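The figures here come from the full heavy-atom set of this structure, side chains too, leaving out hydrogens, waters and symmetry mates. Order of the sequence lines sets the chain letters (A, B, ...), proteins ahead of strands, with each chain counted from 1. All of these numbers come straight from a predicted model, not from anything done at the bench.
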2 protein chains.
Amino acid sequence: MQCLTYTTVAVCTTKIGLPWMKKKKLDYTWFWEQLDAYLERANLKHSKQRNSIIEYFLDLDDHVSAEDLHTYAKDQGATAGMATIYRTLNLLKDAGLVDQKQFSDGKAVFELNRPDSHHDHLICTVCGKVVEFENSQIERLQEEVAKKYGMRLTHHSLDLFGVCERPKCKGRK
Amino acid sequence: MQCLTYTTVAVCTTKIGLPWMKKKKLDYTWFWEQLDAYLERANLKHSKQRNSIIEYFLDLDDHVSAEDLHTYAKDQGATAGMATIYRTLNLLKDAGLVDQKQFSDGKAVFELNRPDSHHDHLICTVCGKVVEFENSQIERLQEEVAKKYGMRLTHHSLDLFGVCERPKCKGRK
DNA sequence: TTACATGCAAATCTTTTGCAATGAG
DNA sequence: CTCATTGCAAAAGATTTGCATGTAA
């Protein structure tokens, strides 16, 4: 599949866990700064593999499984063992830079945890298309619910499952 | 821990995946009827183990992992292989009587899918306490979001994570 | 020079499956 | 009787870990 324009936001996503088309090139300095800070704090180091795995992860820039990343890295000619992929993803998780999610497909997917934008998911159960959305009214109601039960909210996870109406959507999950 | 009154709704839950205190005795005839219908439709049978595993599941009546159920069944003096536990839970899932959820702890938890009531979760990340809630305003907004993206909603999953304010809550996850 | 990082293989952990024996209808 | 169910052990799939070796600071 080819994606010729890089202006749209959440198209060209056809299957959970596969490498998506790249969107527009984003600025990740905030990411690398936070990473540096974390590595220093934890007495850890940069390394060739670690850096390149992370770059590949940022390339894919969406719901990425360890296997996706491994495949993609290899396709790009990198030598990256599965163990290192996992170790790197766990490092990013520890650094608070990615979130790990289970879409109950067995394998976990990791996504970039942007400091500013949180998003929820609309997932088509037929074709696997994932659309991200954000709804401040829902967020506000969540805070209300949490307060009502005496809980201080740290984060949340909202996934809406359904069937999308794209003409393309015919296949199986 | 003892729970002496059976009138409250979601207390006495201390840790994800452990047997909770029983709430008030509920009427599960709707469940058994639906199960019977499914077994007949699928040319399957009742059996001693299957029935007792299901009864234990209904006893626990909350977010139950296969291991929880296995342990509980053994404690009650039943002979139930892990494989049968899984097979039974998958059967209930196929019958549409339970939902499977992944709280990203590695192991899946199963919960009763009551035909009427859907609930979301408030989860304390420190002590693991789970509270169920329902908020019709949130549900309505979800429908709006789905419509906006051209999707027909079938179900959803909303988990709010935070720290609860119970005096008891001190431990680690 | 001193940890930390890597790759491989082996180990874990959860869940599924093959197979011979048992049991339900 | 026939076909589904069970238990065990083995298999499978995802993730982690031990260890010898390589490498950043």
Give the nucleotide from the list D:dT17, D:dT6, D:dA9 with an atom nearest to the side chain of A:Ala83.
D:dT17
Passing option when A:Tyr38 is tested against A:Leu91, A:Leu97, A:Leu92 for side-chain contact (heavy atoms from CB on, under 4.5 Å)
A:Leu91
Got a list of protein N/O to nucleotides 21-25 of chain C N/O distances below 3.5 Å?
residue, atom, partner, partner atom, Å
C:dA24, N3, B:Lys45, NZ, 3.4

Is B:Asn90 close enough to C:dT15 that one of its side-chain N or O atoms is under 4.0 Å from OP1 or OP2 there?
no
Hey, what do you get for CD1 (A:Ile53) to CG (A:Leu89), rounding to the nearest 0.5 Å?
8.0 Å
Nearest-neighbour nucleotide for the A:Glu67 side chain, D:dT16, D:dA14, D:dG18 considered:
D:dA14
When you measure from the side chain of B:His70 to the backbone N and O of B:Gly81, does any donor-acceptor pair fall under 3.5 Å?
no
Please work out whether the ring planes of A:Tyr149 and B:Phe133 are parallel, tilted or perpendicular, with thresholds of 30° and 60°.
tilted
Rounded to whole angstroms, how far apart are NE2 on A:His70 and P on D:dA14?
13 Å
Which nucleotide sits closest to the side chain of B:Ala66: C:dT15, C:dC8, C:dT17?
C:dT15
Taking for each residue the nucleotide of DNA chain C with the nearest heavy atom, is it A:Leu91 or B:Met82 whose nucleotide lies nearer the 5' end?
A:Leu91
What does A:Arg50 touch in the nucleic acid at a heavy-atom separation under 4.0 angstrom: a base, only the sugar-phosphate, or nothing?
sugar-phosphate
Toward the 5' end of DNA chain C, which comes first, B:Lys93 or A:Thr84, by nearest nucleotide?
A:Thr84
Any side-chain N or O of B:Gln49 under 4.0 Å from OP1/OP2 of D:dG7?
yes
Any side-chain N or O of B:Asn43 less than 4.0 Å from the OP1 or OP2 oxygen of D:dA4?
no
